[in-house]
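What follows is a set of notes on a single structure, which appears directly below.
Just so it is clear, the values below take in all heavy atoms, side chains as well, and ignore hydrogens, waters and symmetry mates. Numbering of residues begins at 1 and proceeds along the displayed sequence.
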Amino acid sequence: MQNIRRYVLMALAVLLLYFLVVFPEFAKILAGVAILLIGMMNLSDGFKAFSGGILESILTKSTDTRLKSIVFGVVTTMLMQSSTLVSVISISFLSAGLITLAQGIGIIFGANLGNSAGSWLIVGLTSIKISVLAIPLIVCGAVLGFQKDSVLKGAGSIFMGIGFFFLGVDYIKVGFESYKEIVDLSRFNFDGFKGVLIFVGLGALTTGIVQSSHATLAIIISALISGQIGFENALAATLGTSVGGVVTAVVASLSTNIEGKKLAIANCIFNFTIAIIVIAAFPFFVKMVNLIAEILGIEATNYALKTALFHTLFNLVAVLLISTFIRQIVFVLDKMIKAPKDRDMDAPLYLDSNIIEYPDTAIDALQKESMHLYNNAYALVAHTIGFNRSDIRGKESFDYIVKNKKWFSGDVDLDYLYKRKIKVLFDAVMEFATKAQRYVEDEKKNDRIYSFKIAARNLTEATKNLKLIQANMKVYSNSKNPYLAEKYNEMRKDLGMLLRSVEELKTMKDENAYLILKQLLAAKEMPKELDYKNMRDVEMLISEEKISVANGTSILNDSAFIAEIATHLIEAIGIIFTKESWEDLESKQEV
């Protein structure tokens, strides 16, 4: 199958090469598209390298209202000239739990409006000899790109991106001007509703294939200027770019969790809704464009500028109209789109490959995923010592719980749950953290990422040891020998108190991190001290013949395992529940 695919692609490449040799003018258009796409990729890479955590910081802090979210989407898309990049980042950040669905929808809506700035830029570029500017920008970008400094490399990628963008638009423009002398495509123009539908479809199809609405807009505007397509057909094709632009967001959402998929669907709702409205009222929008153009002083025959105006107009109408229903859209998406029922196999909730290149965001995602892993480990530990979640999170004393509540019936299959609730997340954290470290130059951030590997390993080791105590814990805590039962119930209560203290720490704010650390450090040696106490108690109980030697051995073994489990949990908690690594915080305490 792989060989067949390879041969087919090779055959298509040969046919394409032959076609481009036979029709060199058409080759210029495709070369322009390819160069423009290279420019867009360089722009994206440049902004990723140049952001250094700024973008994700702004994204998480400046989108707390609907208006701010929309403005953020507009501004970032205008700066980056890529609604695709902003959409992918938003989907990724939503999947990582760093923004809400409502914030993500606002950003996506704003990105669609900001994307219309590209059409104005392309119109301006087609009216001047931009190739004169393109070459110097590419040269300067290449020089900066060879530098070791990441900021300079990022600036170089941005320069090269702009240069290739300019050069690509120029190639497309020249290609259409040359192509007109050979073949006149104007006879393929269609009038009326039929023409609108055909060119909306062509604009959507082209955008879906090249994965760039800017590239399609450059083709549309160049074809319009050269007289290859009519004004209304150009407007319809421009509307189609918005419809085709959803493809990239949908593809990006395939590897995300259910929240990312919701955002991609919200993007589809935005673009499909406005497309239906504009198609249904197309003559009205054409009249509106002509009227606004007249008010702005745009010449009636300047169809390129009026196309850019149309692009902005329908996106502005869409934002004003649809953004008022963001809350309702969120409600409907939450009701209709739910994650599939858990079939016992857990999966990472926050680790998205698209955010690996953003260190600060990757760290936040790792912290959330580590919390997810802790919650699974916490559930396994609680069940192993005979408590349920309400017991741990409640206010009743463990003395009362042990005395008045029976151990739940049935055994927990720890091997099964370990593989499906712990191991799968441990592997995901290790893989994500290792990949994220490749993009980190800051030593402290690198250490922080590494610390989550340690936390994941500690939680994994804690749950591995549970099987060793499971049977004895249930049998001996209910033993008719009161002394044996008392020792096992003491171990249960000690571990239960640790879990309860962690649940209480979850509610504390970041400013109480020092208090959290203080409590953790105080508890760090406690498991070992309790283990030593059990050793002395067992010696006394055996000497007084209150328990057998075999019982005493079981208590000592299980006490050691409990101490090890508690130590692993405390060390993991110290990393997960604070903003800094355990080592950094511990050194602060020592100071």
Side-chain angles (χ1 to χ4, degrees), residues 374 377-388 391-392 397-403 405-408 410-418 422 454-455 457-502 519-574:
Y374 167 78
Y378 150 79
L380 264 65
V381 172
H383 284 302
T384 302
I385 58 177
F387 299 130
N388 57 42
D391 292 332
I392 301 295
S397 71
F398 283 102
D399 287 329
Y400 175 84
I401 295 170
V402 167
K403 184 178 179 180
K405 291 190 177 181
K406 292 183 178 180
W407 198 301
F408 57 86
D411 290 325
V412 176
D413 188 341
L414 291 174
D415 284 337
Y416 178 82
L417 292 178
Y418 170 77
I422 303 298
I454 297 173
R457 187 188 65 192
N458 278 318
L459 291 172
T460 303
E461 291 298 323
T463 51
K464 270 185 182 179
N465 290 329
L466 290 175
K467 187 178 179 181
L468 299 173
I469 65 170
Q470 182 183 30
N472 284 352
M473 193 63 65
K474 185 171 184 178
V475 172
Y476 292 141
S477 64
N478 292 302
S479 173
K480 293 181 180 179
N481 183 329
Y483 303 102
L484 182 60
E486 182 182 359
K487 293 310 298 179
Y488 271 89
N489 281 319
E490 282 179 1
M491 287 187 272
R492 291 176 63 203
K493 289 185 286 186
D494 290 337
L495 202 48
M497 283 299 297
L498 173 61
L499 294 179
R500 178 175 287 182
S501 65
V502 175
Q519 293 181 19
L520 290 171
L521 288 176
K524 194 174 181 182
E525 298 300 322
M526 192 176 296
K528 293 179 181 178
E529 293 174 2
L530 292 173
D531 187 37
Y532 296 148
K533 178 180 180 295
N534 280 332
M535 187 178 294
R536 294 192 299 270
D537 290 346
V538 166
E539 290 175 353
M540 184 178 296
L541 290 171
I542 292 174
S543 66
E544 295 175 358
E545 298 184 353
K546 292 179 178 177
I547 62 173
S548 68
V549 173
N551 292 153
T553 302
S554 295
I555 292 171
L556 293 178
N557 286 336
D558 292 336
S559 176
F561 288 135
I562 288 284
E564 192 173 346
I565 291 168
T567 300
H568 283 312
L569 287 176
I570 291 171
E571 290 182 354
I573 292 161

Is it possible for you to check whether Arg492 lies under 6.0 Å from the centre of the six-membered ring of Phe398, through NZ or CZ, and within 45° of that ring's axis?
no
Contacts satisfying ring pair (Phe, Tyr, Trp, His ring centres under 6.0 Å) that involve residues 477-500 (not counting sequence neighbours) are Tyr476-Tyr488
So Lys487 and Glu490, salt bridge (Lys or Arg N to Asp or Glu O under 4.0 Å) or not? Walk me through it.
CA-CA 5 Å; Lys487 293 310 298 179; Glu490 282 179 1; 3.0 Å; yes
I need the [X] [atom1] to [Y] [atom2] distance, nearest 0.5 Å.
X      : Y      : atom1 : atom2 : answer
Glu571 : Asn458 : CD    : CG    : 5.0 Å
Asn489 : Lys403 : CG    : NZ    : 12.5 Å
Glu564 : Leu569 : CD    : CG    : 11.0 Å
Ile542 : Thr553 : CD1   : OG1   : 6.5 Å
Ile422 : Leu466 : CD1   : CG    : 8.5 Å
Gln470 : Ile385 : CD    : CD1   : 12.0 Å

Among Asn551, Leu484, Asp558, find the residue that satisfies the side-chain contact (heavy atoms from CB on, under 4.5 Å) test when tested with Asn472.
Asp558
Quick one: does any side-chain atom of Asn478 pair with a main-chain N or O of Val475 as donor and acceptor, under 3.5 Å?
no
Can you name the residues that form a side-chain contact (heavy atoms from CB on, under 4.5 Å) with Ala563, not counting sequence neighbours?
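Partners of Ala563 by the side-chain contact (heavy atoms from CB on, under 4.5 Å) criterion, ordered by chain and then number, come out as Pro527, Asp531.
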Atom of [X], atom of [Y] and distance for their closest heavy-atom approach:
X      : Y      : result
Ala462 : His568 : CB-CB, 3.8 Å
Val538 : Gly552 : CG1-CA, 3.6 Å
Ala485 : Ser479 : CB-O, 3.7 Å

Could you check whether any side-chain heavy atom of [X] comes within less than 4.5 Å of a side-chain heavy atom of [Y], counting everything from C-beta outward?
X      : Y      : answer
Tyr378 : Ile392 : yes
Lys493 : Asp399 : yes
Ile555 : Ile547 : yes
Asp494 : Ile562 : no

State whether Arg536 and Glu539 are salt-bridged, where the test is any N-O pair (Lys NZ or Arg NE/NH1/NH2 against Asp/Glu carboxylate O) under 4.0 Å.
no
Would Val381 and Phe387 count as a side-chain contact (heavy atoms from CB on, under 4.5 Å) if you check the C-alpha gap in whole Å, the side-chain angles of each, and the deciding distance to 0.1 Å?
CA-CA 9 Å; Val381 172; Phe387 299 130; over 6 Å; no
Kindly check if the number of other-residue, nucleotide or ligand heavy atoms within 6.0 Å of CD (Glu544) is above 12?
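Count over threshold, so yes.
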